[in-house]
Amino acid sequence: MKNSINLDLCKKCKLCIEVCPCNIIGLNENEEVSFIKDKESICLGCGQCMAICSSKAISINKLSYENNFTDLPINHVNYADFVDFLANRRSVRNFKSQPVPDDAISKIIQAVEYAPYGSEPEKINITVVNNRKTIETALPYISKFLDNIVKWIDNPFISFLIKRKKGMETYNTVKNHLYPISKTGNYKLEFGDRITRGAPALLIFHAEKGAEEHTNNSLIYATYSILAAHSLGLGATMIGLVPAAINKVPEVRKIFNIPEKNEAVMSVIIGYPKYKYKRTIKRKNNNIEWIQ
Ligand SMILES: Cc1cc2nc3c(=O)[nH]c(=O)nc-3n(C[C@H](O)[C@H](O)[C@H](O)COP(=O)(O)O)c2cc1C
């Protein structure tokens, strides 16, 4: 189905022209609102035009008013409630053994559907591992991978290769953040699971290696997930260690069924929190500059 505007329904308010981020809607030679022919192919499919149209006159490829749009919810969260919600969230790493119902995971995934995205959202895959046994199968491989970090950073040649192949961001994260932790033996399973922290459920965000904006999109989706989990009384934490292991260790990739062509970007552990925090933390950012 192509993008189209039903002229019988169109009220010519031109709001679709105003809101389209790619400027692909305009007036044609008959002064009718229409998709501009040679620009139509750059449509992002963001649905802004369909969301603003009062008479539901617009059809976008892959989107329909029936399946992709709902009326606006009545509740509008005010700033104070929103900040309270954020302030109440903590990264949770201590869980009850109580399993997470599939239904709660589905609700988290539904909340992610409202996230902003760059380029094409359908390129992000979410793998749900709501099975502690499966997570545990992967732990020995992930633990060994994290333990090896010490050996790799201590070796000038491998260290150089990480820098060259993975870039400075990954190199600095491994050297300055993970290496000192790994050196303490922290990730060895004899100390317990300090990777997925005994969580009953795990979400993995992944996409084809070269897919547009997939790193940014995955991180936004993971952020929405931890917030959605919090709203459901669940605890969650982003775990960057798991995708790193998936991308490097074939056994981990296989256990989580991540296709060879895909790169894992982020994972989120989920479960019922064992403890309740007494206070929140406010991290002051001193690097804000207002310019005129
Ligand atoms: C990109 C990213 C990667 C993270 N990876 C891990 C991880 O591998 N293991 C972990 O325990 N926490 C991980 N976290 C959670 C942070 O450590 C946590 O957000 C931080 O300690 C602040 O705590 P708070 O979320 O309770 O404010 C990660 C967070 C982000 C944003």
Side-chain angles (χ1 to χ4, degrees), residues 82-95 108 112 115 124 126-127 129 135-136 138-139 141-150 166-189 191-207 213-249 252 256 258 263-285 287:
F82 177 63
V83 172
D84 281 357
F85 172 74
L86 296 181
N88 268 304
R89 184 206 62 84
R90 285 267 63 77
S91 282
V92 171
R93 299 183 181 85
N94 306 86
F95 299 101
I108 291 170
V112 172
I124 305 299
I126 305 175
T127 294
V129 191
I135 297 171
E136 281 174 358
L139 285 179
Y141 300 103
I142 306 175
S143 164
K144 190 165 170 229
F145 161 73
L146 294 169
D147 229 22
N148 276 337
I149 284 174
V150 177
K166 301 283 175 192
M168 284 314 288
E169 183 179 353
T170 301
Y171 176 74
N172 284 333
T173 306
V174 176
K175 182 168 183 289
N176 302 333
H177 177 55
L178 296 180
Y179 172 77
I181 299 174
S182 189
K183 224 172 172 177
T184 66
N186 184 64
Y187 299 118
K188 289 185 193 302
L189 291 181
F191 299 117
D193 169 17
R194 292 178 174 174
I195 302 159
T196 62
R197 308 279 178 166
L202 177 75
L203 300 184
I204 302 165
F205 300 85
H206 56 103
E213 300 276 25
H214 73 278
T215 307
N216 292 332
N217 287 342
S218 297
L219 291 173
I220 293 167
Y221 292 3
T223 306
Y224 268 52
S225 298
I226 62 170
L227 294 174
H230 174 52
S231 78
L232 291 162
L234 288 157
T237 294
M238 285 198 215
I239 301 292
L241 304 171
V242 170
I246 290 170
N247 295 332
K248 191 80 188 149
V249 186
V252 183
F256 293 135
I258 308 297
E263 175 179 53
V265 178
M266 189 41 75
S267 75
V268 169
I269 50 170
I270 301 170
Y272 286 96
K274 198 169 174 185
Y275 308 118
K276 189 167 169 37
Y277 286 86
K278 313 286 185 304
R279 59 197 62 84
T280 186
I281 175 170
K282 202 165 183 224
R283 296 188 187 91
K284 189 113 188 82
N285 187 336
N287 307 318

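Order of appearance sets the numbers: ligands from 1, and atoms from 1 within every ligand.
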Do the side chains of Val92 and Arg197 get nearer than 4.5 Å, heavy atoms only? no
Are Val242 and Phe256 close enough that some pair of their side-chain heavy atoms sits under 4.5 Å apart? yes
Supply the atom-to-atom distance Phe145 CZ to Asn247 CG, rounded to the nearest 0.5 angstrom.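 That separation rounds to 8.5 Å.
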Write out the protein residues near ligand 1, meaning a non-hydrogen atom under 4.0 Å from one of its atoms, in order of chain and number. Arg89, Arg90, Ser91, Arg93, Thr237, Met238, Ile239, Gly240, Leu241, Met266, Arg283
Donor-acceptor pair, distance only, cut-off 3.5 Å: does the side chain of Ser218 make one with the backbone of His214?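 Answer holds: yes.
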Parallel, tilted or perpendicular: which one describes the rings of Phe205 and Tyr221, with boundaries at 30° and 60°? perpendicular
Should we count CZ of Phe191 as having more than 12 external heavy atoms under 6.0 Å?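 More than 12 heavy atoms, drawn from other residues, nucleotides or ligands, come within 6.0 Å of this atom.
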